[in-house]
Peer 1: 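Pasting a structure here, questions to come.
The chains referred to below are lettered A, B, ... by the order of the sequence lines, with proteins before strands, and numbering in each begins at 1. What's counted below: heavy atoms across the whole structure, side chains too, no hydrogens, waters or symmetry copies.
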Number of protein chains: 2
Amino acid sequence: MGEIHPLPQRRAFRDIVSKAIDPCETCTARSLTICAPLSAEEQLRMASLTTVIPLKPRQVLFREGDEAEFVYNITCGSVSLSKSLADGRRQITGFLGAGDFMGLNTRTAYTVTAEALNDVRVCRFPRAEFRKLLSEMPSLEQRLLAVTETELATAHEQILLLGRKTAMERIASFLLRQSERARARGLAPNPVSLPMTRAEAADYLGLTIETVSRCFTKLRKQDVISLPSADRVMIRQPDRLRALAEAA
Amino acid sequence: MGEIHPLPQRRAFRDIVSKAIDPCETCTARSLTICAPLSAEEQLRMASLTTVIPLKPRQVLFREGDEAEFVYNITCGSVSLSKSLADGRRQITGFLGAGDFMGLNTRTAYTVTAEALNDVRVCRFPRAEFRKLLSEMPSLEQRLLAVTETELATAHEQILLLGRKTAMERIASFLLRQSERARARGLAPNPVSLPMTRAEAADYLGLTIETVSRCFTKLRKQDVISLPSADRVMIRQPDRLRALAEAA
DNA sequence: CGACCCCTTGAGGCTTCTCAAAATCCGTGG
DNA sequence: CCACGGATTTTGAGAAGCCTCAAGGGGTCG
């Protein structure tokens with residue numbers, strides 16, 4: 001038994017995990033971070049529960065108010081989370097990337113809408129089984145608590161931005177944050193790449209697309225940034241941008 | 001041994017817990033909710049780590065950026081969490097009450113400032129020991145995860161409010177939320193009692209005190225609410241208030 | 001090559017902020 | 001019990017920032 005099991009298990013592990021956790025090569029390292037603290041057996045158990053789902057740009061994974069049947073983990077691509085008012089006004093509450101979880105809330109309904117920004121792959125876990133798994137794997141739960149606390153701190157940062165910063169301060173903060181985020185993920189921090197449209201950036205920053213565009217133009221005219229293309233921002237004067245991020 | 005231990009333990013438990021978890025009679029039921037899922041032994045362990053600290057109104061418990069030496073649990077009273085910009089602009093990210101935890105973030109520094117709104121008692125836990133305790137008590141960790149996820153959902157709701165709602169919508173949402181919160185805590189939902197000043201409400205809603213006051217006046221003149229005193233709001237027409245909460 | 005989508009630019013209006021002052025509340029002390 | 005002082009709240013007038021509406025560019029894909 002001791003001799004026979006390891007190999008098949010290892011093989012099954014590779015097969016299933018590679019299908020589940022490692023679907024696209026460019027983001028392997030990223031998606032594994034969430035599973036790094038888990039043992040091989042634990043990773044296998046997680047993998048056996050999961051279904052890989054590919055999403056096209058703008059495809060909606062779930063909507064605010066839908067019954068929360070599944071928990072998702074992003075393995076590749078970017079997703080926006082948003083909430084809307086009855087008349088259509090939309091607020092994007094955050095952007096998630098590889099390694100992030102969605103649908104963890106304890107309620108029975110999703111509290112936000114999740115939509116793919118670009119080509120995305122997610123791992124889907126049936127909710128009940130995921131929770132059961134959690135209670136049996138303290139290391140995963142510990143990790144989720146840490147991740148959720150970080151998300152909460154990020155949300156508080158966004159609350160400060162939306163409640164007290166001017167349009168220009170929001171844009172400057174946003175660019176610096178995106179740059180820092182890229183750096184943390186091991187990507188080039190400059191020029192900043194923006195996977196979202198102006199509309200999405202505006203809905204994230206509590207502004208209109210016109211205001212976002214005007215701020216970009218103003219920064220460009222002051223030579224603080226340059227715009228090689230609409231979705232890439234070159235930060236030419238980081239110090240001035242940092243000063244603008246909280247200068248009334 | 002089996003005969004001797006139970007009694008002293010029970011006695012020590014009562015002594016320490018009553019000092020730690022149950023300092024003021026009016027909020028006993030509340031503060032126990034967080035410990036309800038724990039066994040007596042676990043409660044005892046938690047209690048043995050804790051120091052009870054009383055706070056006067058407006059007293060600061062910790063500041064954003066301070067080294068996060070302790071984790072706190074509120075047993076009595078209300079606390080505001082806030083972040084500030086260099087020039088003094090302040091944004092309150094949320095209000096906490098009995099049963100809520102503070103300072104759980106994984107970072108080494110607090111990400112917000114905590115300040116007492118009224119007379120408050122908190123239980124203080126040395127950070128390192130609290131984390132060690134957590135890893136040994138999955139039920140507590142599970143509960144913390146659930147609580148943190150709820151806080152995250154609340155933060156997202158606030159992000160929607162700050163990013164997309166008008167001043168009047170913010171005020172209406174705020175009043176309804178405070179009323180609902182009171183109901184959930186077993187208090188009278190109407191009239192709504194506001195433990196915070198206009199300045200604190202404004203800093204929470206991303207407005208100025210003048211705008212908050214003007215909205216209250218307008219609602220009063222339309223007979224949607226009445227103001228028996230500055231810190232009590234009687235909701236006279238709940239339906240109209242609900243309609244105002246997201247009517248452009 | 002044209003249509004469509006997204007982004008940019010412009011003009012005017014509205015909501016909210018800023019600055020200023022009056023009114024109200026509340027604890028203190030005569 | 002009333003007068004007083006300070007803090008908080010309310011009210012007012014004007015200004016500013018951002019939004020709305022509208023039109024003009026630029027890139028991409030069929």
Side-chain angles (χ1 to χ4, degrees), chain A residues 56-58 80 85 87-91 117-118 161-175 193-222 225-233 244 246-248, chain B residues 56-58 85 87-91 117-119 161-175 193-222 225-233 244 246-248:
Chain A
K56 294 269 162 236
R58 313 188 136 245
S80 73
L85 297 175
D87 60 6
R89 281 175 289 172
R90 180 178 70 157
Q91 178 65 39
L117 287 179
N118 39 38
L161 180 147
L162 293 171
R164 289 302 180 213
K165 290 191 179 182
T166 65
M168 186 56 90
E169 290 170 339
R170 294 181 199 191
I171 295 290
S173 302
F174 174 63
L175 291 176
S193 103
L194 303 178
M196 69 288 291
T197 64
R198 291 285 181 278
E200 284 155 346
D203 282 351
Y204 179 55
L205 297 172
L207 301 170
T208 60
I209 53 175
E210 294 94 330
T211 300
V212 171
S213 182
R214 274 186 256 270
C215 285
F216 275 178
T217 300
K218 193 169 175 187
L219 288 173
R220 186 167 47 73
K221 287 190 176 163
Q222 296 178 349
I225 64 171
S226 63
L227 296 162
S229 65
D231 62 348
R232 287 165 65 84
V233 178
L244 284 170
E246 57 177 287
Chain B
K56 295 266 162 238
R58 311 189 137 244
L85 296 174
D87 61 6
R89 281 174 290 172
R90 180 178 71 156
Q91 177 66 38
L117 287 179
N118 39 38
D119 279 300
L161 180 146
L162 293 171
R164 290 300 180 217
K165 290 192 180 182
T166 65
M168 186 55 92
E169 290 170 338
R170 294 182 200 191
I171 295 290
S173 302
F174 174 64
L175 291 176
S193 103
L194 304 178
M196 69 288 291
T197 65
R198 291 284 181 279
E200 283 156 346
D203 282 350
Y204 179 55
L205 298 172
L207 301 170
T208 59
I209 54 174
E210 294 93 331
T211 300
V212 171
S213 182
R214 274 185 257 270
C215 285
F216 276 179
T217 301
K218 194 168 175 188
L219 287 174
R220 187 168 45 74
K221 288 191 175 164
Q222 296 177 350
I225 64 170
S226 63
L227 296 163
S229 66
D231 62 348
R232 288 165 65 86
V233 179
L244 284 170
E246 56 176 287

Peer 1: How does protein contact run along nucleotides 20-30 of chain D, one letter per nucleotide 5' to 3', with B for base contact, S for sugar-phosphate only, - for none, heavy atoms under 4.0 Å?
Peer 2: BB---------

Peer 1: For B:L207, does its backbone N or O pair with a side-chain atom of A:R164 as donor and acceptor, under 3.5 Å?
Peer 2: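 Yes, the answer is positive, given that a donor and an acceptor are paired below the 3.5 Å cut-off.
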
Peer 1: Tell me whether B:R89 contacts the main-chain N or O of A:K165 through its side chain, where contact means a donor paired with an acceptor under 3.5 Å.
Peer 2: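 No.
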
Peer 1: Quick one: are B:K218 and B:R214 in side-chain contact, heavy atoms under 4.5 Å?
Peer 2: no

Peer 1: Any base atoms under 4.0 Å from B:R232, or only sugar-phosphate, or nothing? Heavy atoms, all strands.
Peer 2: nothing

Peer 1: Rounded to whole angstroms, how far apart are NZ on A:K165 and P on C:dT16?
Peer 2: 22 Å

Peer 1: Closer to the 5' end of DNA chain C via nearest nucleotide, is it B:A167 or A:V212?
Peer 2: A:V212

Peer 1: Assign B:R164 to base, sugar-phosphate, or nothing according to its heavy-atom contacts below 4.0 angstrom with the strands shown.
Peer 2: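 B:R164: no heavy atom of the nucleic acid under 4.0 Å.
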
Peer 1: Measure the distance from NZ on A:K218 to C1' on C:dG10 and round it to the nearest whole Å.
Peer 2: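 Interatomic distance, NZ of A:K218 to C1' of C:dG10: 16 Å.
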
Peer 1: Is the closest side-chain heavy-atom distance between A:Q91 and B:L161 below 4.5 Å?
Peer 2: no

Peer 1: Taking OP1 and OP2 of D:dC19, is either one under 4.0 Å from a side-chain nitrogen or oxygen of A:R89?
Peer 2: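 For D:dC19, OP1/OP2 do not have a side-chain N/O of A:R89 under 4.0 Å.
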
Peer 1: Without decimals, in angstroms, what is the distance between A:I209 CD1 and C:dT8 C1'?
Peer 2: 9 Å

Peer 1: Report the distance from atom CD of B:E200 to atom P of D:dT9, rounded to the nearest whole Å.
Peer 2: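 The answer, rounded to whole Å, is 9 Å.
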
Peer 1: Starting at CG of B:D203 and ending at P of D:dT9, how long is that distance when rounded to a whole Å?
Peer 2: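 My rounded result for the distance is 12 Å.
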
Peer 1: Hey, does A:Y204 have a side-chain heavy atom less than 4.5 Å from the side chain of A:V212?
Peer 2: no

Peer 1: Between B:R220 and D:dT11, does any side-chain N or O lie under 4.0 Å from OP1 or OP2?
Peer 2: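 Answer yes for this pair, as a side-chain N or O of B:R220 is under 4.0 Å from OP1 or OP2.
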
Peer 1: If you apply the rule side chain to side chain contact (heavy atoms under 4.5 Å, CB included), what do you find for B:L219 with B:V233, and how did you get there?
Peer 2: CA-CA 11 Å; B:L219 287 174; B:V233 179; over 6 Å; no

Peer 1: Can you identify which nucleotide, out of D:dC19, D:dT9, C:dT9, has its nearest atom closest to the A:S213 side chain?
Peer 2: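 Given the options D:dC19, D:dT9, C:dT9, the side chain of A:S213 is closest to C:dT9.
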
Peer 1: Could you tell me the separation between the CG atom of B:L207 and the P atom of D:dT9, rounded to a whole number of Å?
Peer 2: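 Taking CG of B:L207 and P of D:dT9, I get 15 Å after rounding.
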
Peer 1: When we call it a touch if two heavy atoms are under 4.0 Å apart, what does B:T197 touch: a base, just sugar-phosphate, or nothing?
Peer 2: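 Since only primed, P, OP1 and OP2 atoms lie under 4.0 Å of B:T197, the category is sugar-phosphate.
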
Peer 1: Nearest-Å distance, CE (B:M168) to P (C:dT15)?
Peer 2: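 It is 11 Å, rounded to the nearest whole Å.
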
Peer 1: Whole angstroms only, please: what is the CG-P distance between B:L161 and C:dT16?
Peer 2: 12 Å

Peer 1: Would you mind telling me which of D:dT11, C:dC7, C:dT9 lies closest to the side-chain atoms of A:A230?
Peer 2: C:dC7

Peer 1: Taking B:S173 for the side chain and B:E169 for the main chain, is one N or O donor matched with an acceptor at less than 3.5 Å?
Peer 2: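 At least one qualifying donor-acceptor pair exists.
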
